[in-house]
Amino acid sequence: MESGPYDAKKVEDKIYKLWEDSGFFNPDNLPAPSASAKASAGRGKKPFTIIMPPANANGNLHAGHGLVMTIEDIMTRYKRMQGYKALWLPGLDHAGFETQVVYEKKLEKEGRSRFKMEPAELYQEILDFTLENKKNIESQIKKMGASADWSREKFTLDPDIVKTVYGTFERLFNDGLVYRGKKIINWCVKHQTSLSDLETKDTERVDKLYYLKYGPFVIATARPETKFGDKYVVMHPDDKRYAEYKDGQKLELEWINGPIEATVIKDDVIDMEFGTGAMTITPWHDGVDFELARRHDLPKEQIIDFFGKLLPVAGEFAGMKITEAREKIVEKLQSKGLVEKIEESYKHVVKTCYKCDSLIEPQVKEQWFLKMEPLAKPVLKLIESGKVEFLPEHYKKISLHWLENIVDWPLSRQIVWGIAIPAKFCTKCDFAIVDVEDKEITCPKCQSELKKDGDTFDTWFSSGQWPFATLGFPDGKDFQTFYPTDVMETAGEIIFFWVARMMMLGHYMTGELPFKTVYLHGLVLDAKGQKMSKSKGNVISPLEIIDTYGTDAFRIALVVGNTPGTSLALDVNKIKGYKNFANKIWNAAKFVMMNTEDYKAGAKPALSADQKKNIKELQGLVKDMTRDMDEFRFYIGAEKIYHYFWHTFCDKIIEESKADLADQKLRQGAQYMLLEILSTSLKLLHPFMPFITEEIYQSLPVEGKQACLMIETWPK
RNA sequence: GCGCGAUUAGCUCAGUGGUAGAGCAUUCCCUUGACGUGGGAAGGGCCGGGGGUUCGAAUCCCUCAUCGCGCACCA
């Protein structure tokens, strides 16, 4: 060991290489567990599997990734040391929409636009960008010390993954679960694609509420620019104010661009308390209206195009952006005497795109949808019967609630960056077929020409199949060995996006839930508990932290006191504290080595009562910590070994051993005890701080050492 | 509107029925041979309020308050 303080930079890359060269990241290369370990644990070579959440290959590793890599590496290293055939399968995600958004920003900066590019050209550019970032992220994951099996690495666009995704789509289609529907979807005008409900967020806004005269009625609306096509006026059947008007009654009235014929509809979705209790409907641009029109079999007409501009139905306003049109339309209505009043500050909530904050324009569009209820039902039962464990537990209720109220999932995205939907439509009769082999040319119904679907899948459709797709479903050897996996560890934020869908798609395809335990971590926030963001300038970059404090310090700082599901306020002072701890470990090891140069490994020397007591105390810690690790309480296990190592081993045991070492009768016992405690502590610390513990282990003068600490047996 | 969390030392958080804990921060002392990235000591909390169950409550139940989040509605 070198003198001076611990220098992570000199150690980490070297040690990572040692591990990679050892081949032990690959569970197939792990040595059979020693007879004693096997007997005591009774586990033999049972597999333990974690599938890494595929990291988005569109930027650098952030602190959240750091946490994922740390927690999953801790689990993997712990199980590996316990003799399990531990597989941690790494992966990267093309991250469809997310990556396209990142790339579009880049294009914007360069003064370019995706809309001026050929799709194939855009795809190629994003592919190059993604592959470049993929390499980058991979090396950054390695920097975190991830003991993942890189020989099994998967990318969401790998041909075998795409094949699996297509197979799933085809099966869903054949089972009648995937259907093509002309339904209302969330349309992002900026990104020119539809989005699922999960990809939108609610934003509170203060707008004007206009009270407009609509024949004998007054209707309240915040969006007068959508009202051109409104030919139906709806009220509650029990509303006494409108008792004289009958369902289906027709009325002639003056509207924005002239006289129209309107029809009265009675429906009990109407809230009599709101506005005047009467409203007109715009089925093409409003979910509730769409549903109402469907129930009453009313026609739907598009008013706003996909770029947010008014269509010819708006007459003189056609071609105008809705934002400019609104005031002008109101002016016209006022001049016609059709405005009763304007409420100035109407507080309401609007849907916005979760990426660009622009207003979502509901549109009716032909899309592929996935029927969710039949997929959710069996999973609901399995969750209820406790077939999957949630950490923290309350995510169970949250998942059940979501699954019970699930809505169909729009799968189509109008972006190039993604897995193409393997479907075709008839150019004449619009009949849709799934054509995975890409060989159908004519419509099976009318023999007309078929056209390829130009859309791509929602990226979560492919990542939702990740656990079984990565393992080579249906007949790969790994699938037989490692599926279902043990733990799914990911961010609580994506419980619906990802975890719930993996359970549904996994169960549908394989008949089994894809994992037994769901461990959900919270957000990594800055020291003040604020969300990290570039604009706030409070982003903690893992790479800079690693450079300054070392990976081990970063890792344990991420874990101590971080209970599952709870956000973590990450303070550099905390990391600094653990850097000091790394140094403490280094120096304690140095002390032990300096004082055991003449130690003769072999027969166990006689120990004094104090020496025995110290070893016994350590065994108590081992027992405690093993239970903490088994129950996923890494936050407390890490703290225990930290506290023990520093304040018991260093402050008390080492100090007291100095006298023993000077006494020839006690020296051998002291040496034995120090080495025993040090080597056991290194094992206990290894999952949290793999680099420094491995580095010390490599020069430890003990018998029966393994090639590396990584495959040592977890103490008993 | 419904639901889910949180509320414990200055800060960040552990602790689910048995005499309040950790880390950081603070104060004082120590130029001791592994380490000053260190050592020793100290101060600091009616565990959000109220009520209940219990021999005993930070912990279980009810209720209120504040903060955060999710879902639904939103003409």
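By convention in this document, chain letters (A, B, ...) are assigned in the order of the sequence lines, proteins followed by strands, and residues within each chain are numbered from 1.
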*Name the nucleic acid region contacted by A:A222, choosing base, sugar-phosphate or nothing; use a 4.0 angstrom heavy-atom cut-off, strictly under.*
sugar-phosphate
*asked:* In whole Å, I'd like the distance from the CD1 atom of A:I495 to the P atom of B:G5.
replied: 14 Å
*asked:* Of the listed nucleotides (B:A34, B:G23, B:C4), which one gets closest to any side-chain atom of A:Y642?
replied: B:G23
*Can you find a heavy atom in the side chain of A:L198 that is under 4.5 Å from one in the side chain of A:W498?*
no
*asked:* Could you tell me how far apart A:D651 (CG) and B:C30 (C1') are, to the nearest whole angstrom?
replied: 14 Å
*Atom CD of A:E597 to atom P of B:A34: distance rounded to whole Å?*
13 Å
*Quantified in whole Å, what is the P atom distance between nucleotide B:C64 and nucleotide B:A25?*
42 Å
*Rounded distance in Å - NZ (A:K201) to P (B:G70)*: 10 Å
*Paired with B:U12: which nucleotide, if any, by Watson-Crick or G-U wobble criteria at under 3.5 Å for both distances?*
B:A22
*Which whole-number value in Å describes the distance from A:K396 NZ to B:G5 C1'?*
18 Å
_Side chain A:K397 and base B:C4 donor-acceptor under 3.5 Å_ = no
*Answer yes or no: does a side-chain N or O of A:W646 lie under 4.0 Å from OP1 or OP2 of B:G39?*
yes
*Compare side-chain N and O positions of A:K658 against OP1 and OP2 of B:A34 and report whether any pair is under 4.0 Å apart.*
yes
*Pick base, sugar-phosphate or nothing for A:D289, based on heavy-atom distances below 4.0 Å to the nucleic acid.*
nothing
*Which one is paired to B:A34, where only Watson-Crick or G-U wobble pairs with both distances under 3.5 angstrom count?*
none
*B:A65 versus B:C74 - spacing of their P atoms, nearest Å*: 27 Å
*Watson-Crick/G-U partner (both atom distances under 3.5 Å) of B:U59*: none
*Taking atom P in both B:C61 and B:U27, what distance in whole Å separates the two?*
42 Å
*Check whether NZ of the Lys or CZ of the Arg A:K201 lies under 6.0 Å from the centre of the six-membered ring of A:Y354 and within 45 degrees of that ring's axis.*
no
*Which value, in whole Å, describes the distance between the C1' atoms of nucleotides B:G45 and B:U8?*
7 Å
*Ignoring the backbone of A:K584, work out which of B:G38, B:C4, B:G23 is nearest its side chain.*
B:G38
*Using a 4.0 Å heavy-atom cut-off across all strands, classify A:I654 as base, sugar-phosphate, or nothing.*
base
*Across all strands, who's sitting opposite B:G45 as a Watson-Crick or G-U wobble pair, both distances under 3.5 Å?*
none
*Any-strand Watson-Crick or G-U partner of B:A6, both distances under 3.5 Å*: B:U66
*For A:N583, answer base if it contacts any base atom (sugar-phosphate contacts may also be present), sugar-phosphate if it contacts only those atoms, and nothing otherwise; contact means non-hydrogen atoms under 4.0 Å.*
base
*Tell me what A:H647 touches on the nucleic acid: a base, only sugar-phosphate, or nothing, going by heavy atoms under 4.0 Å.*
sugar-phosphate
*State the pairing partner of B:C28; accept Watson-Crick or G-U wobble contacts with both distances under 3.5 Å, and report none otherwise.*
B:G40
*Before accepting this row, confirm whether a basic side-chain N of the pair A:D197/A:K351 lies closer than 4.0 Å to the acidic partner's carboxylate O.*
yes
*Let me know the distance between CG of A:D202 and P of B:C2, rounded to the nearest Å.*
18 Å
*Distance check: side-chain N/O of A:N587 vs OP1/OP2 of B:U37, anything under 4.0 Å?*
no
*Does A:D571 pair with A:K574 as a salt bridge, N-O distance under 4.0 Å?*
no
_Over 12 non-hydrogen atoms of neighbours within 6.0 angstrom of CD in A:E393_ = no
_A:F591 CZ - B:U32 C1' separation (whole Å)_ = 13 Å
*Evaluate the ring planes of A:F649 and A:Y644, with Trp represented by its six-membered ring, and classify them as parallel (under 30°), tilted (30 to 60°) or perpendicular (over 60°).*
parallel
_Nucleotide paired to B:C71 in any strand shown, Watson-Crick or G-U, under 3.5 Å_ = B:G1
*asked:* I'd like the C1' distance from B:G48 over to B:A57, given in whole Å.
replied: 16 Å
*Using the P atom in both, what is the distance from B:A9 to B:G15, to the nearest Å?*
15 Å
*Nearest-nucleotide pick for A:H394, side chain only, options being B:A34, B:G5, B:C71*: B:G5
*A:F290 ring centre to A:K300 NZ or CZ under 6.0 Å, with the angle to the axis within 45°?*
yes
*asked:* Just checking A:E373: does its CD atom have more than 12 heavy atoms from other residues, nucleotides or ligands closer to it than 6.0 angstrom?
replied: no
_A:D651: which residues meet the side-chain hydrogen bond (donor to acceptor under 3.5 Å, both in side chains) condition with it, sequence neighbours left out?_
A:H647
*Stepwise, does the salt bridge (Lys or Arg N to Asp or Glu O under 4.0 Å) test hold for A:R667 with A:D598?*
CA-CA 10 Å; A:R667 183 173 172 86; A:D598 60 332; 3.1 Å; yes
*Take A:V288 and A:Y578, find for each the nucleotide of RNA chain B with the closest heavy atom, and name the residue whose nucleotide sits nearer the 5' end.*
A:Y578
*For nucleotides B:C69 and B:C11, find the distance between their C1' atoms and express it as a whole number of Å.*
23 Å
*Reading nucleotides 9-15 of chain B 5' to 3', which nucleotides get B (base under 4.0 Å from a protein heavy atom), which S (sugar-phosphate only), which -?*
---SSSS
_What's the gap between B:U7 and B:U12 when it is taken at their C1' atoms, as a whole Å value?_
14 Å
*asked:* Rounding to an integer number of Å, can you tell me how far A:L520 CG sits from B:C69 P?
replied: 18 Å
